[in-house]
Colleague: 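This is the structure, below, for whatever I ask next.
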Amino acid sequence: MPPLTAGWIGTGKVRLREVGDAVEITIDGLTTQSRYYKPLVYEFMRKEWASRPSWGDFVVEIRMEHIGDPPHIDLDNLAKALLDAIKGYLFHDDAQVARLLVERHEGERERITIRVFPRR
């Protein structure tokens, strides 16, 4: 993952940047409660994101990074909460997600990274 540098929108737990035709969202910290992420990301998108949603097929990649033992969190529930939060901002409906990758990795910090881009 590239370091968080210039070009990022937001200064709190949630940040967003555009890289080419992709949108990357990072969320600092982890919790075992998937439902925590939906309002957090939804409010960020509502307040910080000015772009309109697009039509077409999309690829969504979600990467959860943890330190030490992985947290006891169901990745499918995490994905659903995050897709619900960005629906209406990056795409109109989560039925537009043609490819979904959700993975857990040990990392240097606890965070979630979401990458959304049009399917080619």
Side-chain angles (χ1 to χ4, degrees):
M1 287 286 156
L4 300 181
T5 58
W8 289 91
I9 298 169
T11 57
K13 289 180 87 55
V14 181
R15 293 182 205 96
L16 178 147
R17 73 176 177 178
E18 292 183 78
V19 180
D21 61 353
V23 173
E24 292 181 7
I25 303 167
T26 64
I27 307 161
D28 289 334
L30 293 177
T31 178
T32 58
Q33 300 298 312
S34 296
R35 64 179 175 258
Y36 165 82
Y37 296 107
K38 183 177 177 179
L40 178 71
V41 174
Y42 177 84
E43 280 302 306
F44 172 83
M45 297 299 287
R46 187 180 69 78
K47 292 177 181 176
E48 302 287 341
W49 186 247
S51 183
R52 296 208 181 261
S54 298
W55 292 105
D57 287 343
F58 284 86
V59 175
V60 178
E61 299 172 347
I62 300 171
R63 179 183 173 101
M64 181 184 77
E65 294 181 55
H66 61 88
I67 298 172
D69 291 334
H72 204 72
I73 185 171
D74 292 337
L75 292 180
D76 60 326
N77 293 336
L78 175 65
K80 182 64 176 156
L82 295 172
L83 289 173
D84 285 348
I86 62 176
K87 176 177 62 180
Y89 294 100
L90 300 179
F91 43 78
H92 292 277
D93 187 85
D94 53 7
Q96 292 175 253
V97 177
R99 180 173 176 259
L100 175 63
L101 173 66
V102 186
E103 54 189 359
R104 177 179 65 218
H105 292 275
E106 189 163 351
E108 296 177 9
R109 64 184 346 176
E110 294 189 331
R111 76 172 155 205
I112 296 170
T113 304
I114 308 162
R115 190 165 173 263
V116 180
F117 55 94
R119 184 174 183 189
R120 295 171 186 87

Colleague: Would a hydrophobic clustering, with Ile, Leu, Val, Met, Phe, Trp and Tyr connected at side-chain separations under 4.5 Å, put I9 with L40?
Modeller: yes
Colleague: Do V14 and K47 make a side-chain contact, defined as non-hydrogen atoms from C-beta onward lying under 4.5 Å apart?
Modeller: no
Colleague: Rounded to the nearest 0.5 Å, what separates atom CZ in R111 from atom CD1 in I25?
Modeller: 14.0 Å
Colleague: State whether the number of non-hydrogen atoms from other residues, nucleotides or ligands found under 6.0 Å of Y42 atom OH is greater than 12.
Modeller: no
Colleague: Might you confirm whether atom CD of E108 has over 12 heavy atoms from other residues, nucleotides or ligands at distances under 6.0 Å?
Modeller: no
Colleague: Of all residues at least two apart in sequence or in a different chain, which pass the side chain to side chain donor-acceptor pair (under 3.5 Å) check with R52?
Modeller: none
Colleague: Drop me the distance from I27's CD1 to K13's NZ, to the nearest 0.5 angstrom.
Modeller: 9.5 Å
Colleague: According to salt bridge (charged side-chain N to carboxylate O under 4.0 Å, His left out), who are the partners of E61, at least two apart in sequence or on a separate chain?
Modeller: R99, R115
Colleague: Using side-chain heavy atoms (C-beta onward) and a distance below 4.5 Å, is T26 in contact with W8?
Modeller: yes
Colleague: Is the backbone of S54 close enough, under 3.5 Å, to the side chain of Q96 for a donor and an acceptor to pair up by distance?
Modeller: yes
Colleague: Restricting to side-chain contact (heavy atoms from CB on, under 4.5 Å), what partner residues turn up for A79, sequence neighbours left out?
Modeller: I62, L100, V102
Colleague: What's the separation between atom CZ in R104 and atom CG in L78, rounded to the nearest 0.5 Å?
Modeller: 11.0 Å
Colleague: For R46, enumerate each residue passing the salt bridge (charged side-chain N to carboxylate O under 4.0 Å, His left out) test, keeping only those at least two apart in sequence or located in another chain.
Modeller: E43
Colleague: Distance-only check: which donor-acceptor pairs under 3.5 Å involve side-chain atoms of residues 82-91, not counting sequence neighbours?
Modeller:
residue: D84; atom: OD1; partner: K80; partner atom: NZ; Å: 3.3

Colleague: Can you pull the ring pair (Phe, Tyr, Trp, His ring centres under 6.0 Å) pairs that have at least one residue in residues 92-120, sequence neighbours excluded?
Modeller: W55-H92
Colleague: If we only count heavy atoms from C-beta on, is the L16 to M45 side-chain gap below 4.5 Å?
Modeller: yes
Colleague: Which residues pass the side-chain contact (heavy atoms from CB on, under 4.5 Å) test with T31, not counting sequence neighbours?
Modeller: Q33, Y36, Y37
Colleague: Can you list, pair by pair, the side-chain donor-acceptor contacts under 3.5 Å of residues 67-76, counting residues two or more places apart and other chains?
Modeller:
residue: D74; atom: OD2; partner: N77; partner atom: ND2; Å: 3.4

Colleague: Please examine the side chains of E106 and H66, heavy atoms only from C-beta on, and report whether any two atoms are closer than 4.5 Å.
Modeller: yes
Colleague: Determine whether V97 and W49 fall in the same hydrophobic cluster, where Ile, Leu, Val, Met, Phe, Trp and Tyr are linked whenever their side-chain heavy atoms lie under 4.5 Å apart.
Modeller: yes
Colleague: Ignoring hydrogens, what is the shortest heavy-atom contact between A98 and R119? Give both atom names and the distance.
Modeller: CB-NH1, 3.2 Å
